[in-house]
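First the structure, which I've put down as structure tokens, then a few questions once you've had a look.
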2 protein chains.
Amino acid sequence: MPENPSPREQDAWRGLVLTAQLLEATLDRQLQQLEGIPHAYYGILIALFEQPEHRARMSDVAQRLRFSQSRLTHAVRRLEDQGLVERVQGDGDRRVVTVGLTHEGLQLIRRAAPKQAAEVRRKLLARLAPEQVEQLAEITAVLLEGLEEGWR
Amino acid sequence: MPENPSPREQDAWRGLVLTAQLLEATLDRQLQQLEGIPHAYYGILIALFEQPEHRARMSDVAQRLRFSQSRLTHAVRRLEDQGLVERVQGDGDRRVVTVGLTHEGLQLIRRAAPKQAAEVRRKLLARLAPEQVEQLAEITAVLLEGLEEGWR
DNA sequence: ACGGAATAGTTGAGGGTTCAAGTATGTTGT
DNA sequence: ACAACATACTTGAACCCTCAACTATTCCGT
């Protein structure tokens with residue numbers, strides 16, 4: 001028998017959902033304005049940037065970002081159109097496609113990342129007490145577990 | 001001079017962003033499957049449900065949900081097509097449009113809401129310790145402040 | 001070695017969101 | 001009274017994501 005949520009749980013839940021929506025929307029608008037790409041695409045560039053030689057297999061990127069393959073394919077096509085990323089043919093398994101940052105993509109990251117990080121810190125993280133940062137890291141880790149496992 | 005984020009801040013930040021993305025995606029998939037509407041539209045129905053007579057002005061709904069007017073217009077059109085919602089002409093100011101739940105919309109809420117709440121509780125909130133729920137409510141309240149004020 | 005299943009990625013259609021522009025109505029200052 | 005501005009909402013195009021096929025390649029059991 002599922003017990004009803006407590007009022008405080010409702011507060012937390014509503015806060016979380018609203019935060020999730022607003023956070024995505026805000027980051028999206030910001031990056032779209034500054035760099036002409038949506039936040040999700042910025043995530044792709046960052047993920048590549050963190051990889052050795054700034055490149056990785058499609059499916060690895062997809063898994064890391066929790067993108068569907070289809071979504072990633074579409075996204076990479078657009079990023080390629082903008083010259084930020086390029087597809088490289090792998091030597092071995094001919095099914096795999098490797099994506100890498102172009103020079104232009106690399107420049108975008110170098111330009112945008114510090115600004116982005118500072119902005120986030122100034123407007124969001126800095127408002128939290130140090131122990132709240134700690135708590136947030138904990139809490140999101142737990143929630144992610146719950147979100148990862150199939151759910152349905 | 002913006003100080004660099006601490007490693008723990010990065011954990012919190014990454015966790016938050018991933019949680020936000022995954023949460024939206026998960027709720028979306030769930031409601032799309034069960035009720036044939038995206039999570040955002042479910043939010044509209046809930047917002048109306050909580051209003052006296054289950055109806056409200058377009059702009060009030062938009063403000064409460066942080067939707068753009070355009071987004072809400074499109075959304076309401078589709079919800080109307082599905083018979084879940086109806087536009088009512090206001091008596092006074094002829095610019096305002098009032099949206100109300102139809103009988104069918106009301107039924108959908110009554111059917112879906114308890115299931116939805118239980119699911120959320122079981123898969124997410126129940127994993128958190130009571131003090132973490134408290135902390136999450138606190139933290140999201142702070143973050144929402146930061147997200148509300150223009151940002152740029 | 002061969003047929004079937006699994007894996008990697010792509011494609012196209014359909015739906016949702018954004019952004020800029022547009023319509024209609026109300027309010028305000030003079 | 002009237003022009004200028006503001007408010008409430010709508011429209012259409014461009015873009016992004018999802019979902020369900022589909023292609024191409026590799027793996028596996030016999």
Side-chain angles (χ1 to χ4, degrees), chain A residues 20-44 55-82 84-99 152, chain B residues 20-45 56-82 84-99 152:
Chain A
Q21 289 172 353
L22 229 50
L23 184 61
E24 270 308 294
T26 303
L27 294 175
D28 239 20
R29 226 173 335 108
Q30 189 190 191
L31 279 163
Q32 190 74 36
Q33 273 239 335
L34 289 182
E35 306 295 344
I37 60 173
H39 179 239
Y41 289 18
Y42 178 76
I44 296 175
R55 55 218 211 68
R57 298 168 41 143
M58 292 285 282
S59 18
D60 289 348
V61 179
Q63 188 155 31
R64 170 180 295 241
L65 299 177
R66 276 77 166 180
F67 276 29
S68 71
Q69 284 193 142
S70 174
R71 183 181 181 184
L72 187 61
T73 293
H74 289 308
V76 165
R77 178 170 49 66
R78 275 163 189 140
L79 286 172
E80 213 173 10
D81 290 347
Q82 300 181 55
L84 298 173
V85 122
E86 66 191 347
R87 278 172 224 254
V88 188
Q89 191 47 270
D91 308 326
D93 190 330
R94 275 183 314 182
R95 287 169 306 179
V96 329
V97 173
T98 299
V99 217
R152 178 176 32 275
Chain B
Q21 289 171 354
L22 228 51
L23 184 61
E24 269 309 294
T26 304
L27 293 175
D28 240 20
R29 227 175 334 110
Q30 188 188 192
L31 279 162
Q32 191 73 38
Q33 272 239 336
L34 289 182
E35 305 296 344
I37 60 174
H39 179 239
Y41 288 18
Y42 179 75
I44 297 175
L45 299 184
R57 298 169 42 146
M58 291 286 282
S59 18
D60 289 348
V61 178
Q63 188 155 30
R64 170 180 295 241
L65 298 178
R66 276 78 166 181
F67 276 30
S68 71
Q69 284 193 143
S70 174
R71 182 181 182 186
L72 187 61
T73 294
H74 288 308
V76 164
R77 179 169 49 66
R78 278 171 183 128
L79 285 173
E80 212 173 11
D81 290 348
Q82 300 181 57
L84 298 173
V85 123
E86 65 191 347
R87 279 172 223 255
V88 189
Q89 191 49 268
D91 308 327
D93 189 329
R94 274 182 315 180
R95 289 169 306 178
V96 330
V97 173
T98 298
V99 218
R152 178 173 21 276

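Below, read A as the first sequence line, B as the second, and so on, with proteins coming before strands; counting in each chain starts at 1. The shown structure was predicted, so the numbers you read here are calculated from the model rather than taken from an experiment.
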query = Between D:dT10 atom C1' and B:M58 atom CE, what is the distance in whole Å?
reply =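 So the CE-C1' distance, B:M58 to D:dT10, works out to 9 Å.
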ask   = What distance separates B:H39 NE2 from B:L23 CG, expressed to the nearest 0.5 Å?
value =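 Answer for the NE2-CG pair, B:H39 versus B:L23, is 7.5 Å.
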message = Return the CD1 to CG distance between B:I37 and B:D28, rounded to the nearest 0.5 Å.
response =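 Rounded to the nearest 0.5 Å, the CD1-CG separation comes to 10.0 Å.
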task = State which residues pass side-chain contact (heavy atoms from CB on, under 4.5 Å) with A:R55; sequence neighbours excluded, sorted by chain then number.
result =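 side-chain contact (heavy atoms from CB on, under 4.5 Å) list for A:R55, sorted by chain: A:E53, A:V88, A:T98.
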message = Without decimals, in angstroms, what is the distance between B:D60 CG and D:dT7 P?
response =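 Spelled out: CG on B:D60 to P on D:dT7 is 15 Å.
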ask   = Can you give one letter per nucleotide of nucleotides 15-22 of chain D, 5' to 3': B if a protein heavy atom sits under 4.0 Å from the base, S if only from the sugar-phosphate, - if neither?
value = -BSBB---
Atom pairs, N/O to N/O, protein against nucleotides 23-26 of chain D, distance under 3.5 Å?
{"from": "D:dT25", "atom 1": "O2", "to": "A:R95", "atom 2": "NH1", "distance (Å)": "3.1"}
{"from": "D:dT26", "atom 1": "OP1", "to": "A:R94", "atom 2": "N", "distance (Å)": "2.9"}

Pairs under 3.5 angstrom only: tabulate donor-acceptor contacts from the side chains of residues 64-75 of chain A to other protein residues two or more places apart or in another chain.
{"from": "A:R66", "atom 1": "NE", "to": "A:E148", "atom 2": "OE2", "distance (Å)": "2.9"}
{"from": "A:R66", "atom 1": "NH1", "to": "A:R64", "atom 2": "O", "distance (Å)": "3.1"}
{"from": "A:R66", "atom 1": "NH2", "to": "A:E148", "atom 2": "OE2", "distance (Å)": "2.3"}
{"from": "A:S68", "atom 1": "OG", "to": "A:R71", "atom 2": "N", "distance (Å)": "3.0"}
{"from": "A:T73", "atom 1": "OG1", "to": "A:Q69", "atom 2": "O", "distance (Å)": "3.1"}
{"from": "A:H74", "atom 1": "ND1", "to": "A:R77", "atom 2": "NH2", "distance (Å)": "3.3"}

Euclidean distance, A:R78 CZ relative to A:I44 CD1, rounded to 0.5 Å =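 Output value for this atom pair is 11.0 Å.
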task = For residues A:V96 and A:Q89, report the shortest heavy-atom separation together with the two atoms involved.
result =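 Reported closest heavy-atom pair: O-OE1, 3.5 Å.
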request  = Grab the stems for DNA chain C, please: at least three consecutive Watson-Crick or wobble pairs, both distances below 3.5 Å, written as range with range.
outcome  =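 Stem segments, range with range: C:1-30 with D:1-30.
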query = So what does A:T73 touch, heavy atoms closer than 4.0 Å: a base, only the sugar-phosphate, or nothing?
reply =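 Base contact.
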task = Could you tell me from which nucleotide to which nucleotide of DNA chain C, 5' to 3', there is an atom under 4.0 Å from chain A heavy atoms?
result =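 Here the contact window of chain A covers C:dA6 to C:dC19.
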